[in-house]
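Here's the structure we're looking at; comments come further down.
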Amino acid sequence: MIRAGLGRDLHRLAEGRPFLLGGLRIESDRGELGHSDGDVLAHAVTDALLGAAALGDIGELFPPSDPRWKDADSLVLLGQAWDLVRREGWKLVNLDCVVSCEAPRLLPHREAVRARLAGVLGVEPGQVFVKGKTGEGLGPVGKGRAVEALALCLLERGEP
Ligand code: MG
């Protein structure tokens with residue numbers, strides 16, 4: 001059996017916040033606002049995995065109203081969600097992501113981000129890909145006020 005999962009997230013950017021992508025801190029004059037650490041890519045990936053397994057979404061598992069998740073490390077949240085999915089017998093075939101923001105550029109950090117995500121998921125970096133896009137000057141992403149991430153995953157498991 002195979003299942004596809006889709007995740008999408010968007011965070012505002014603000015000065016003085018760390019810019020995090022898949023657990024990697026990237027040098028930037030602004031970073032994601034959020035109740036957790038705001039790691040937009042980790043959140044999109046978490047939702048893709050949970051969605052593929054029909055196990056809910058990140059807001060249900062880690063509600064922003066719960067003080068336990070204030071400034072939480074989103075890679076830890078991703079690991080916990082992935083544990084739930086794995087316990088149902090699912091294995092990751094591949095994960096493909098798009099991050100859209102005006103700055104910083106993803107490409108110099110792409111391999112490090114792939115390695116981080118692959119490490120948390122216990123797969124090879126070859127199973128994880130991440131692409132960077134800009135907003136072409138349009139909308140909140142293009143004006144540098146937000147960063148958006150999309151994630152698509154494929155899971156497989158044997159018939160019970
Ligand atoms: Mg989020």
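Values below: all heavy atoms of this structure, side chains included; hydrogens, waters and symmetry mates excluded. What you are looking at is a predicted structure, and each value in this text was computed from that prediction instead of being measured. Residue numbers run from 1 in the order of the sequence given. First listed ligand is number 1; within each ligand, the first listed atom is number 1.
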Item to check | Atom nearest to the Mg ion (ligand 1) - Asp9, N, O or S atoms considered | outcome: OD2
Checklist entry - Does Asp96 come within less than 4.0 Å of Lys131, counting only side-chain N to carboxylate O? => result yes
Next on the checklist: Taking backbone and side chain together, does Asp39 place any N/O/S atom at a distance below 2.8 Å from the Mg ion (ligand 1)?
Outcome noted: no
Checklist entry - Which N, O or S atom name in His43 marks its closest approach to the Mg ion (ligand 1)? => result ND1
Item to check | Any side-chain heavy-atom pair of Lys70 and Pro64 under 4.5 Å | outcome: no
Next on the checklist: Students often mix this up, so state it plainly: with edges at 30° and 60°, are the rings of Phe62 and Trp69 parallel, tilted or perpendicular?
Outcome noted: perpendicular
Checklist entry - Should the pair Arg12-Glu32 be classified as a salt bridge under the 4.0 Å nitrogen-to-oxygen rule? => result no
